[in-house]
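Counting starts at 1 for both ligands and their atoms, in listed order. In this text the structure is predicted, and so the values were computed from the model without any measurement. These numbers come from the heavy atoms of this one structure, side chains and all, not from hydrogens, waters or symmetry mates.
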Amino acid sequence: MTVTSSRTPEAVSIVRRDIRFEVDGHDVRTWHPDGLHVAHFFNALSLFFPEGERFFIESVRQFRDRVRSPQLRADVEAFIGQEATHGREHRRYNVALAESGLPAQELETGLRDELAKLRKLITPEDALAITIALEHFTAIMAHELLGDDRILAGTDPALAAIWRWHAIEETEHKAVAFDVYRETVGESGAAYRRRVRTMLATTLTFWMQVFRYHFHLVRADGAAMDLRGWWKLVRFLWINPGGMPRLIRAWLAYFRRDFHPWQRDDYGYVERWKATYAGAASARPA
Ligand SMILES: [Fe+2]
Ligand SMILES: [Fe+2]
C-alpha cells in the first residue's frame, strides 16, 4: 500500500462526476446505527463542506496562472470541478439538516462570515497553506472511511453513498493543492516552515470548530447530557472502529520535510469504487 513517491502517480485521473444524491426524506438523525451523536459527527462535518470547499477553490485559483506544468493545470481545473460538486451536494445535505429542524443554516452562515474575515487577514500563501492542511485531513479521513467497512456499516445507503463518493474524489485529488503549493510557494525553507506552522494552527482551529458545531447539533436535539450517546461516539472514534489513532499517525506524516500525499498510495480504493458506483441505487446522473 505504501510506496515512496514524491509525486502524483500517472495512473491517477481526476474525474468530475456530476452526480446527485437523494437525501430528501432520509432521517438525518438515525442514519447511523451507532446513534445520534455519531450521526451528528458526520452531519457537523457536512456543514463545513460548502463554505470550506469554496475557500479551497478560491485559494487554489489565486495561484492557477503561476502553475507551469500542463498536467497540474488540468488537475487544478478538475479539482475545482470536484470541489464545486461536493459543495453543491453537501449543501443539499445541509438543507435536509435544516428542514429537520437543526440549526444548520445559522452554522453555515457563521462559517461563511468567519472565512470572509479570515481571508482579509491572511496572505494568498497562507490561504493555500490552510487549504493543503485541510486537504490532508480530508484525504486521511477518506482513507479511513474507504479502508474500514465498519465505519459505514449498517448506515442508510443514501447517506453512505454521498460519503463514499466524497471520500473517493478527495483521494483522487488529494495532491493537487499540495502540488500547486510546491510549485508556486516552494517546498523547503520558509515554504516548509509555513506549511507545518499552518498545519498546527489549522488542526487546532478545525477540530475546535468541529466540536463546536457537533455540540450545537446534539444540543439542538436535547441530547447534550446523554452520556451513553457521548460514550458511543468516543467508542466509535477511538476504539471500534477507532479511526482516530490511525488518523493521528497519518497526520504526523505531514511534518516530514519530504512529505507528499501520494507516499501513501490508496488509489486502489478509487479503482474498486469506480467498478461499482455506476450501479449505486441512490446516485443518478444530474
Ligand atoms: Fe471535497
Ligand atoms: Fe478536497
When you measure from the Fe ion (ligand 2) to each N, O or S atom of Glu135, which atom gives the shortest distance? OE2
Can you name the one residue among Lys174, Glu170, Arg264, Arg246 that meets side-chain contact (heavy atoms from CB on, under 4.5 Å) with His143?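 Of Lys174, Glu170, Arg264, Arg246, side-chain contact (heavy atoms from CB on, under 4.5 Å) with His143 is met by Arg264 alone.
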Ignoring hydrogens and angles, tell me if any N or O in the side chain of His32 forms a donor-acceptor pair with the backbone of Ile151 under 3.5 Å.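 Present.
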Once you measure the plane-to-plane angle for Phe211 and Trp230, does it fall in the parallel (<30°), tilted (30-60°) or perpendicular (>60°) bin? tilted
Would you please indicate yes or no on a ring centroid separation below 6.0 angstrom for Tyr93 and Phe49? no
Measuring centre to centre across the rings, with the benzene-like ring taken for any Trp, is Trp163 within less than 6.0 Å of His90?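 Yes: the rings meet the under 6.0 Å criterion.
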Near the Fe ion (ligand 1), which protein N/O/S atoms fall under 2.8 Å?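 Hits for the Fe ion (ligand 1) below 2.8 Å: Glu53 OE2, Glu83 OE1, His86 ND1, His166 NE2, Glu170 OE2.
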Just wondering, more than 12 heavy atoms not from Gln105 lying within 6.0 Å of its CD?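 Check fails, neighbour count at 12 or below.
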